[in-house]
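The structure appears below as structure tokens.
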Amino acid sequence: MRIGGIQGFEVLKKVQTMCLRQNLIKVIENLEQLVTLNELDLYDNQIRIIQNLESLGQLQELDSLFLGKNKITKLQNMDTLTNLTVLSVQSNRLLKIEGLQNLVNLRELYLSDNGIQVLEGLENNTKLTTLDVASNRIKRIQNIKHLTELQEFWMNDNLVENWADLEELSCAKSLQTVYLERNPLQKDNQYRRKIMLALPSVRQIDATFVRF
């Protein structure tokens with residue numbers, strides 16, 4: 001719709017979902033009056049900074065935030081969003097996982113297609129069931145052994161080459177799906193077999209279900 005800004009929505013006193021995908025929005029603003037909002041979708045705009053979400057966090061209504069395909073360079077200004085369960089910041093310009101320490105209820109985190117180099121910064125996100133860090137520049141699976149509730153782990157199209165790194169996922173007893181294709185690991189002729197042995201709960205490796 002080529003909408004250039006978030007404005008004129010304050011009359012929506014009971015709105016729960018706002019979808020402004022594929023517009024020309026550059027700034028997150030004018031959301032203070034949307035006290036019932038629980039899902040905000042700003043996918044595919046021109047946003048550079050995550051900001052002005054404090055009021056939504058204080059009301060503890062916002063549950064899902066979609067910021068994929070923007071121009072965001074840093075995860076920040078989300079400390080008040082403690083009830084957030086879904087966060088998507090795919091296809092941006094992120095170089096580091098940070099600023100998530102207060103998002104203790106986060107269950108789904110999507111950070112694919114960025115420039116992230118290290119898997120880190122998830123110490124407090126122990127409720128995660130889905131973690132997507134595909135298509136980044138990550139060399140090691142590390143710092144996630146405490147994510148025992150993981151069910152889906154997507155790390156395809158990275159630089160992982162050490163089989164011992166799979167030990168980081170061993171405590172996730174409900175892990176069902178693992179994507180590791182197009183990492184150096186996949187060159188191993190025993191690729192699927194080694195994943196199955198290391199992670200016996202997994203039922204899907206990449207796009208193919210495991211056969212028993």
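Just so it is clear, the values below take in all heavy atoms, side chains as well, and ignore hydrogens, waters and symmetry mates.
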The salt bridge (Lys or Arg N to Asp or Glu O under 4.0 Å) partners of K173 (sequence neighbours excluded) come to none
- request: Flag yes if M155 and L147 sit in one hydrophobic cluster, no otherwise; membership is Ile, Leu, Val, Met, Phe, Trp, Tyr, and two members link when side-chain heavy atoms are under 4.5 Å apart.
  value: yes
With sequence neighbours left out, the residues meeting side chain to side chain donor-acceptor pair (under 3.5 Å) with S170 are E167
Between the OH atom in Y43 and the OG atom in S91, the distance rounded to the nearest 0.5 Å is 6.0 Å
Looking at N136 and A134, would you say the former's side chain and the latter's main chain have a donor-acceptor pair under 3.5 Å?
yes
Report task. Check whether L65 and L122 end up in the same hydrophobic cluster, where Ile, Leu, Val, Met, Phe, Trp and Tyr are linked by side-chain heavy atoms less than 4.5 Å apart. Result -> yes
Residues V89 and N114: closest non-hydrogen pair is O-ND2, 3.1 Å
(message) Given 3.5 Å as the limit, does a donor-acceptor pair link the side chain of N183 with the main chain of L185, or not?
(response) no
- Begin with the C-alpha distance, continue with both residues' side-chain angles, and end with the deciding distance and a verdict on side chain to side chain contact (heavy atoms under 4.5 Å, CB included) for E61 and L37. CA-CA 6 Å; E61 292 289 340; L37 192 65; 5.9 Å; no
Rounding to 0.5 Å, atoms CZ (F153) and OG1 (T130) come to a distance of 11.5 Å
In this structure, CD1 of I144 is separated from CG of L128 (nearest 0.5 Å) by 9.5 Å
Tightest non-hydrogen contact, residues L81 and L53, listed as CD2-O, 3.7 Å
Taken to the nearest 0.5 Å, the spacing of I97 CD1 from I116 CD1 works out to 4.5 Å
For Q101, the side chain to side chain contact (heavy atoms under 4.5 Å, CB included) test, sequence neighbours excluded, returns D79, N124
**Side-chain heavy-atom pair L84, L62 within 4.5 angstrom cut-off** = yes
Check: Among the clusters formed by ILVMFWY side chains lying less than 4.5 Å apart, do L95 and L119 turn up in the same one?
Finding: no
Side chain to side chain donor-acceptor pair (under 3.5 Å) filter on K26, not counting sequence neighbours, yields none
D157 meets the salt bridge (Lys or Arg N to Asp or Glu O under 4.0 Å) criterion, sequence neighbours left out, with R182
**Q.** Side-chain heavy-atom pair E39, F66 within 4.5 angstrom cut-off
**A.** yes
CD1 of I47 to CG of L20, rounded to nearest 0.5 Å, is 9.0 Å
For V118 and I138 the tightest heavy-atom approach is N-CG1, 4.3 Å
Checking the side chain of H146 only, and the main-chain atoms of C171 only, is there a donor and an acceptor separated by less than 3.5 Å?
no
By salt bridge (Lys or Arg N to Asp or Glu O under 4.0 Å), E161 pairs with (sequence neighbours left out) none
* Asked: Can you tell me if E168 uses its side chain to pair, donor with acceptor, with the backbone of K145 under 3.5 Å?
  -> yes
Just wondering, more than 12 heavy atoms not from F9 lying within 6.0 Å of its CZ?
yes
Exercise for review: Verify, without hydrogens or angle tests, whether N158 (side chain) and V133 (backbone) share a donor-acceptor contact under 3.5 angstrom.
Suggested key: yes
* Is it true that a side-chain atom of N30 and a backbone atom of Q7 form a donor plus acceptor pair closer than 3.5 Å? -> no
What donor-acceptor contacts under 3.5 angstrom involve side-chain atoms of residues 196-208, with partners at least two apart or in another chain?
residue : atom : partner : partner atom : Å
S201    : OG   : L175    : O            : 2.7
R203    : NH1  : P200    : O            : 3.1
R203    : NH1  : S201    : O            : 3.0
Q204    : NE2  : Y179    : OH           : 3.1
Q204    : NE2  : D206    : O            : 2.8
D206    : OD1  : L180    : N            : 2.8
D206    : OD1  : E181    : N            : 3.0
D206    : OD1  : Y191    : OH           : 3.4
D206    : OD2  : Y191    : OH           : 2.8

Checklist entry - Below 4.5 Å, heavy atoms only, C-beta onward: do L31 and L40 meet side chain to side chain? => result yes
Between S112 and Q90, do the side chains contain an N or O donor and an N or O acceptor separated by less than 3.5 Å? yes
What do the steps show when you test Q51 against V27 for side chain to side chain contact (heavy atoms under 4.5 Å, CB included), and what is the final call? CA-CA 8 Å; Q51 60 184 341; V27 180; 3.4 Å; yes
L42 side chain near M18 side chain, heavy-atom distance below 4.5 Å
no
Between D63 and the options T17, T85, N105, the side chain to side chain donor-acceptor pair (under 3.5 Å) test singles out T85
Which of N92, L100, L67 passes side-chain contact (heavy atoms from CB on, under 4.5 Å) with L75? Answer is L100
Taken in chain and number order and not counting sequence neighbours, the residues that satisfy side chain to side chain donor-acceptor pair (under 3.5 Å) with R93 are none
Here the salt bridge (charged side-chain N to carboxylate O under 4.0 Å, His left out) pairs for residues 105-129, sequence neighbours left out, are R107-E149
Residue pairs meeting salt bridge (charged side-chain N to carboxylate O under 4.0 Å, His left out), one or both in residues 13-25, sequence neighbours left out, come to R21-D41
Main-chain N/O of T36 paired with Q16 side-chain donor or acceptor, under 3.5 Å: no
request  = State yes or no: do I3 and L12 share one hydrophobic cluster built from I, L, V, M, F, W and Y residues joined by side-chain heavy-atom distances below 4.5 Å, directly or via other members?
outcome  = yes
Distance col, row R193:CZ vs I195:CD1, nearest 0.5 angstrom, shows 12.5 Å
- Query: Any chain of hydrophobic side-chain contacts (each under 4.5 Å) joining I72 to V86?
  - Reply: no
Contacts of Q117 meeting side chain to side chain contact (heavy atoms under 4.5 Å, CB included) (sequence neighbours excluded), chain-then-number -> R137
Would you indicate whether the side-chain heavy atoms of L103 and L109 approach each other to under 4.5 Å? no
Across all chains, not counting sequence neighbours, the side chain to side chain donor-acceptor pair (under 3.5 Å) partners of R140 are D165
field: Whether N70 side chain and I50 backbone form a donor-acceptor pair below 3.5 Å
entry: no
